[in-house]
Engineer: 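This is the structure I have questions about; it appears just below.
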Amino acid sequence: MGNLADKKILIGITGGIAAYKICELIRMFKRNGADVTVIPTENALNFVTKLTLQTLSQNNVYVNEFEIPDYKPEHIALSDSADIMVIAPATANTISKLANGICDNLLTSVACAFKKPVFIAPAMNTNMWDNPIIKENISKLKSLGYNIIEPESGFLACGTEGNGRLCELSKIYDAAEKELTQKKKLAGKKVLITSGGTIEEIDCVRYISNYSSGKMGYALANEAYESGAKVSLVTTKVVTDNRFNIINVKSAEDMLNAVKNNLEYQDIVFMAAAVADFKVKNQQTQKIKKSEKTDELTLTLVKNPDILKTICEIKKEKNLKTKIIGFCAESENLLNNAKEKISKKGCDYLIANDISRADIGFGSDDNEVTILYKNGTAETLEKASKSVIAKEIIGRITKDE
Ligand code: CTP
């Protein structure tokens, strides 16, 4: 058995002339022990027959989502079962559908429901590949975490020379093999992530909080889990995800206790939560009533504990090996403020966020961050979805492990 034994690969084939080459790709995966299931589009079957694909893959070939042999809808069953999905050749049409969430056949529906890595190998005429609409869709897919294996230049089936030819099959094979066989970066590690804005009660019905959505923390939890870690998510948000140990908290005090209680067991702590700097001094247990005598209500706020600073001090005192990553939300002077913060808090890395921009940060699905390292260097990660940013952050902080 080859090194892909026990690995399940979905191969999506779309309607381009390069479809015939995928027969060889299936053989390469099969030779190395992989379990291959092929999903061609109706148009792909103009270039290669279902019988050929079935014989080479030694599996059923699925084309239509309405032929349901089982109780589970096919697009869900297929997308749950595989480790990776390869779409090759990917036509301009399928690329544009994927980039826009269109699910009008089994292949696009499976790809849309697929939560693990997807590799897309485009192949098309040069003018189509150069079309700005296709370029934009490719860059959208890249920023959402899809792996694009770029086409190559050469003789095209339409009789011209140019860019757009399906890349060498070995490139697709190697990319898939690397993904399937690499050791998971955080295998056996414990990772704790704080997430969401803390809730500081005024009375039993009112509170002070902030706009944090908890999306960045969730993306980190997801990525850490996919990288093999045991994940604890200390969150102020309602999260139902049984992959994580979820610890629900409200206030900064609660969060501090939860983090402190778990700190010694953690290899990595991400402090992604937006902790309120102040809490109400004279918090009321009963609802505060309006008064006939005055139109004003004065709340006195007192400082909350600084969780990040506290755990960095505990780490030092107890000589813990835990890597601590702080976050930093700034509306101006991002880099200067962040540099000051990393030394003040004492964390190993600081991920700085510009919260003055509406297109990233609080509530948004995207982010653009600058990672500050302890040695004073800074690196900006280009704007991308929070899941791509989470992947890059984890990649950077585990580089030397
Ligand atoms: N943080 C914390 N406890 C607090 C405040 C912040 O643990 N009481 C953490 C946050 O989770 C984040 C980092 O400290 O990882 C920086 O948070 P940020 O809000 O940017 O900075 P502050 O320390 O609150 O400073 P300032 O509000 O003055 O910018």
Side-chain angles (χ1 to χ4, degrees), residues 191-201 207-221 224 232-237 247 249-263 266 268-281 283 301-316 320 322-357 360-364 367-374 378 381 386 389-390 393-394 396-397:
V191 176
L192 181 144
I193 296 150
T194 67
S195 171
T198 62
I199 295 165
E200 309 300 334
E201 284 187 356
Y207 62 83
I208 299 172
S209 193
N210 56 59
Y211 289 120
S212 171
S213 61
K215 287 181 182 170
M216 193 64 232
Y218 186 81
L220 283 163
S232 296
L233 184 62
V234 178
T235 180
T236 60
K237 302 286 173 189
I247 305 171
V249 293
K250 271 189 170 175
S251 65
E253 291 276 358
D254 295 345
M255 190 173 273
L256 174 66
N257 290 332
V259 177
K260 267 183 17 189
N261 289 342
N262 289 281
L263 183 63
Q266 305 303 322
I268 304 177
V269 172
F270 288 99
M271 277 294 307
V275 184
D277 289 324
F278 296 93
K279 64 178 171 189
V280 179
K281 187 176 178 189
Q283 183 188 327
L301 302 180
V302 287
K303 253 194 186 161
N304 255 330
D306 188 321
I307 306 171
L308 180 58
K309 195 159 179 262
T310 311
I311 60 169
C312 290
E313 285 164 3
I314 298 175
K315 170 182 165 170
K316 213 170 161 192
L320 303 177
T322 317
K323 275 187 189 169
I324 301 181
I325 298 98
F327 280 69
C328 142
E330 300 294 344
S331 57
E332 55 181 357
N333 300 329
L334 181 75
L335 215 52
N336 285 342
N337 286 338
K339 280 185 176 159
E340 205 175 295
K341 235 172 236 181
I342 193 170
S343 68
K344 224 164 64 186
K345 305 259 188 182
C347 52
D348 300 294
Y349 304 83
L350 193 79
I351 316 294
N353 242 8
D354 181 350
I355 52 164
S356 68
R357 281 173 55 182
I360 53 170
F362 276 162
S364 161
N367 214 350
E368 181 182 301
V369 300
T370 301
I371 305 184
L372 269 88
Y373 297 84
K374 248 186 172 170
L381 304 180
K386 285 184 173 167
I389 295 287
I393 292 173
I394 289 180
R396 298 302 193 282
I397 67 155

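Both counts, for ligands and for their atoms, begin at 1 and track the order of listing.
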Engineer: Using heavy atoms and a 4.0 Å limit, tell me yes or no: is K344 in contact with ligand 1?
Structural biologist: no

Engineer: What atoms of ligand 1 come closer than 4.0 angstrom to any heavy atom of G326?
Structural biologist: 15 (O)

Engineer: For residues I199 and S209, report the shortest heavy-atom separation together with the two atoms involved.
Structural biologist: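 For I199 versus S209, the nearest heavy atoms are CG1-OG, 4.1 Å.
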
Engineer: Any N or O on A272 sitting closer than 3.5 Å to an N or O of ligand 1?
Structural biologist: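 Between A272 and ligand 1 (N or O atoms, distance only) the closest approach is not under 3.5 Å.
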
Engineer: Consider every N or O of A329 and every N or O of ligand 1, then say whether any pair is closer than 3.5 Å.
Structural biologist: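 Between A329 and ligand 1 (N or O atoms, distance only) the closest approach is under 3.5 Å.
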
Engineer: Tell me the nearest of K341, K345, M271 to atom 23 (O) of ligand 1, using heavy-atom distances.
Structural biologist: K345

Engineer: Go through M216 and F327 one step at a time and tell me if the side-chain contact (heavy atoms from CB on, under 4.5 Å) criterion holds.
Structural biologist: CA-CA 10 Å; M216 193 64 232; F327 280 69; 4.2 Å; yes

Engineer: Please determine if K344 and D306 form a salt bridge, counting it only when a charged side-chain N lies under 4.0 Å from a carboxylate O.
Structural biologist: no

Engineer: Counting heavy atoms only, which of F278, F270, F327 is nearest atom 16 (C) of ligand 1?
Structural biologist: F327

Engineer: Hey, which of K323, R396, K374 is the one that makes salt bridge (charged side-chain N to carboxylate O under 4.0 Å, His left out) with D348?
Structural biologist: K374

Engineer: Considering only protein heavy atoms, which is closest to atom 3 (N) of ligand 1, and at what distance to one decimal place?
Structural biologist: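 Answer, as residue, atom name and distance: I307 N, 3.0 Å.
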
Engineer: Taking only heavy atoms of L308, which atoms of ligand 1 are found under 4.0 Å from at least one of them?
Structural biologist: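 The atoms of ligand 1 under 4.0 Å from a heavy atom of L308 are 2 (C), 7 (O), 9 (C), 13 (C), 14 (O), 15 (O).
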
Engineer: Atom 19 (O) of ligand 1: protein heavy atom closer than 4.0 Å?
Structural biologist: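 It does not: no protein heavy atom is found less than 4.0 Å away from atom 19 (O) of ligand 1.
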
Engineer: Taking atom OH of Y211 as the centre, does the number of heavy atoms from other residues, nucleotides or ligands within less than 6.0 Å exceed 12?
Structural biologist: no

Engineer: If you apply the rule side-chain contact (heavy atoms from CB on, under 4.5 Å), what do you find for L233 with S195, and how did you get there?
Structural biologist: CA-CA 7 Å; L233 184 62; S195 171; 3.9 Å; yes

Engineer: Does I307 form a side-chain contact (heavy atoms from CB on, under 4.5 Å) with T194? I'd like the steps, not just the answer.
Structural biologist: CA-CA 10 Å; I307 306 171; T194 67; 5.9 Å; no

Engineer: Inspect the surroundings of NZ in K237 and state if more than 12 heavy atoms from other residues, nucleotides or ligands are less than 6.0 Å away.
Structural biologist: yes

Engineer: Between the candidates P305, A273, G217, which shows the shortest non-hydrogen contact distance to atom 8 (N) of ligand 1?
Structural biologist: P305

Engineer: What protein heavy atom is closest to atom 24 (O) of ligand 1, reported as residue, atom name and distance in Å?
Structural biologist: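 In this structure, atom 24 (O) of ligand 1 has D277 OD1, 2.8 Å as its nearest protein heavy atom.
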
